[in-house]
Participant: 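Would you mind keeping the following structure in view while I ask a few things?
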Amino acid sequence: MVKDKATVVVVGGGATGVGILRDLSMRGIDALLIEKLDMVNGASSRYHGLLHSGARYAVKDQEAAKECIKENTILRRIGKSCVEATTGMFVQVEGDDPDFVDPWLKGCAESGISTRELSKEEALRLEPNLSRKLKVAYEVPDGAIDGFRMSWQNLQSAARYGGRYKTYTELIKVNIENATVKSITVRDNVTKEEYDIECEILVNAAGPWAGKVAELAGLECNVSPSKGTLIAFNQRITNHVVNRLRKPSNGDIFVPHGSITILGTSSITIPDPEDTSTSWEEVEELMKTGVGVFEHLRDYRILRVFAGSRPLYVPKGAEGGRNASRGFVTIDHEKEDGLKGMMTICGGKFTTYRLMAEKFCDVLAPKLHNTAKCRTAEEDLVPEVSEAEKKAARQYFPSYGVNLAATRLGVEKFGDVVKTLKEQPETREVLCECENVTMAEIQRIAAEPTSHCVADVRRRTRLGMGTCQGNYCAIRSAAVANKLFKNKFEGCSDSLSDMKNFLQARWKGITPVMAGKTLREAEMTRGMYELLFNVNGGRRG
Amino acid sequence: MELEERARDSADNCIACTSCIVACPVTKANPEYKGPKLVGPAHSRMHFSDPSDYEDTLMLCSNCKNCDITCPNGVSVSTLNMLERGRYLKAHPEAHKPEDKMLSHGFEMADMLNKIPFGKSLANLGMSIGEALGVMGAMGMAPERKTPRYASVYFRDLFKTIKQPSSDKKVLFFPGCYIDTNEPWVGTAFVQVMNENGYEVLMDNRFVCCGSPLVVGGYLDEARQHADTNVAIIQEYAQKGIPVVACCTSCSLMLKNEYTELFAQSEMKEAAKNVWDAFEFLTMLAEEGKLKKVNIKSDHKFIYHAPCHLRAQGMGLPAFDLLKAAGLNVVNADAGCCGMSGSYGFHKDNYETSMKIGQALFDAINADNYHKVICDCGTCRMQIQHGTDVKAVHPIEILAKAYKKA
């Protein structure tokens, strides 16, 4: 049954997909994005959140390096509230190859990436936790970028131009007539309803799932999912992005985000992009390398560990894994495979998502006889909350975190939340104490049509992502939020099961690192939920 | 300095268990204060980053240290609060209260008055007039309180007139500001007690204020200078085998624990080993059988209040135990914080909270017909005398009197 139609349907709610939706919408093309789960579920949030300066690619891939520095500058401008302009450091410690420095400096200079040499003293003053075995340090314009926020803001921007999106809507069939895509069949993963969406062009932006989407159209697309494992530490170990100045390898990058630091990554080729499992061995490998840069690394508390799959595109006969290109490809299936109305975009990296969308849409738009120019670099993603609004809001916020809430929520929702805080003082209660999320904010996000469970609220508020990993906020927020969800999942329709699922997902990231300080926290969680509340329904005898 | 010992990093040990909120007397009295874990530990996870979006209630912590005492994971919660407060005030000097400078720099005023003929008497007169005219409130001070009066002769000068038998066994006295400039008789009592036990007491006027009031006022850089000065002197005497003893539990806590927690220097940790609280030192003598025995004979009933900064030292209640063992009829009030917490209760804005916190202690004191309250801390004694009609004395005064009688 045909229930919807759009000129272009984009499959995949990661950075690539939302970038394309925004680009198409701004060109005046009617577009709809579908995502099988919640937005930003895959590689676009499961990575270190580094806004590359390009310096990491300066030696091996100057093309990528040039793209990065250009996009880095653009994203800092259009996505102010998503970027932490921390600047970055490239460091060498005793034992690192000194011969790598000159070619790297040359590569940076040729790519237009500014570098500034720091004396050992200055580097240690800026980052007192760095290893005393530090040899050389350079400053580069790296930054940190919030994948969740950046993607949601792209959607908000697209929506202003008529772009639409549906979450928990999974592509299950591509309907082809006369070698032309006519429509797609999707399943609503919340209500389980199946229906058709008519479209002129189907865009496969499914990242590591691109191979699977291509298969539904009877095509082949050789995507090699490459798992990257990352460690989140409980505090800001560093205030700069810190990169090891050497040939890129595992465990080289530290990125500070808000109250945490992320260390990454590994690169393991896996058959199934759904595999986000992690192991103690993977953690150990990252720690072994990381300890070279921050010598006390093992003393810091690990919050959790997580993994995502890079969508590496491997042309036939080429090498995968660490050595595969981080570049991206646009495949016009009409040219390649004789299937009209379908295009695939694959590969690339978060930092260049906007440029990828631009280049891709430059190919797509003419097919629809649209000659509009790309404007995504010119306009801010969302209007910023003004200082005056923040100042006025401060009197209603029960705790610090006005800035955090303002960047998370954006003007409109921030205004709503402040109004609720003002009119209903009971909503000033901080439900997530570690990340400072108020009841009002949770209510506001829970009432969004895209929110179906507490985990959806988590991805948009940072609820449960701090020190206690959901210990206190799970029970509080499930009770508050579950009432507000319009459509609920099977198996988490009541507050209790929603809470259990939420905690289970937190637990997944904790179990591989359950030792030392992390174990203490875990044991308290277990004590509270398993012993005090008996959530697993244990019985005597 | 090992990472584990740096207060800053001890935030990593916080499992957000909320014990500190339960134990916090300020949270209980003033619900506006969200509680310790949401201030120091939460903020210090963000360390190095821009302190522009800060918890206003950072200013409400009294630094009484009940959070540190209760924390099951050894997090220096209150020190983290102070570090974050200092960092915030450094970036936002406009957030200082007008009275902060005065309350944190009492030692400067005291030194200056000592140099002016009749300075102290004039200052005391000024305070009486000020209180009568109600101008204290305008300065940000709680108008309900009587400002402590300066002694006509400071202990540093009084000490020179005390005749002591010379001895090979020596201790260096760290008087602290309050005993030095307001209650010199406590210092005199200390000298008497030590002399009775065969010790000669030394003074070194290079000592400066321990820095505790500077820390709570957010003046961390100055506190660091004070710490460096005092630590160098303590180490100098340590080399000569002369221990440093203090009668004020806030001073001794500062010298013993807080310098290291705040500034993480190994020499501070080393110097701390040479510092004792007076009754901790006397208890050590008693355990070695070296304390001169005394039997306190008194028909009166006493009540003892253990200062928070004594309990934070984790050494039991040496004064209470020693006096009780010596025969004094004394009960432990066991009523929590008095609410004064150094200069905290002097701030006009904190007065109500301060008195609310102290109520349990006042009730315990008023519950029976106690002759005197015994307490090791000067500002606790001030609060007790403000909140009840019972006189409060330092335990060393009781012991000195008992030796004198014997």
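Proteins get letters first, then strands, A, B, ... in listed order; numbering begins at 1 in each. For the numbers below, each heavy atom of this structure counts, side chains included, while hydrogens, waters and symmetry mates do not.
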Participant: Mind checking the CD-SG spacing from A:Gln235 to B:Cys14? Nearest 0.5 Å is all I need.
Facilitator: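 These two atoms lie 11.5 Å from each other.
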
Participant: Could you pull out the closest heavy-atom pair between B:Asp12 and A:Asp299, with the gap in Å?
Facilitator: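 Minimum heavy-atom contact is OD2-O, 4.2 Å.
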
Participant: Mind ranking A:Asn234, A:Thr467, A:Leu303 by heavy-atom pairs under 4.5 Å with chain B and telling me who comes out on top?
Facilitator: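 The residue among A:Asn234, A:Thr467, A:Leu303 with the greatest pair count is A:Asn234.
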
Participant: On a heavy-atom basis, which atom in B:Ile15 and which in A:Met524 lie closest, and how many Å separate them?
Facilitator: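 For B:Ile15 versus A:Met524, the nearest heavy atoms are O-CE, 3.1 Å.
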
Participant: Does atom NZ (A:Lys422) have a neighbourhood of more than 12 heavy atoms from anything else shown, all under 6.0 Å?
Facilitator: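 Open.
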
Participant: Counting only heavy atoms not in A:Lys80 (residues, nucleotides, ligands), do more than 12 fall under 6.0 Å from its NZ?
Facilitator: yes

Participant: Please look at A:Tyr472 and chain B and tell me whether the side chain, the backbone, both or neither of the residue comes under 4.5 angstrom of a heavy atom of that chain.
Facilitator: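 For A:Tyr472, the contact with chain B is made by the side chain alone.
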
Participant: So with a 6.0 Å cut-off around NZ of A:Lys120, is the heavy-atom count from everything else above 12?
Facilitator: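 Buried by this count: over 12 neighbours within 6.0 Å.
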
Participant: Should the heavy atoms of other residues, nucleotides or ligands under 6.0 Å from NZ of A:Lys390 be counted, would the total exceed 12?
Facilitator: yes

Participant: May I ask you to check whether over 12 heavy atoms, not counting those of B:Glu352, lie within 6.0 Å of atom CD?
Facilitator: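 At most 12 heavy atoms, drawn from other residues, nucleotides or ligands, come within 6.0 Å of this atom.
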
Participant: So, applying side-chain contact (heavy atoms from CB on, under 4.5 Å) with B:Asn13, which one of A:Glu521, A:Arg301, A:Arg520 is it?
Facilitator: A:Arg520

Participant: Examine whether an atom of A:Gln469 lies under 4.5 Å from a heavy atom of chain B, and if so say whether it belongs to the side chain, the backbone or both; otherwise answer neither.
Facilitator: neither

Participant: Looking at B:Ala42, B:Pro72, B:Pro41, B:Cys17, which one has more heavy-atom pairs under 4.5 Å with chain A than the rest?
Facilitator: B:Cys17

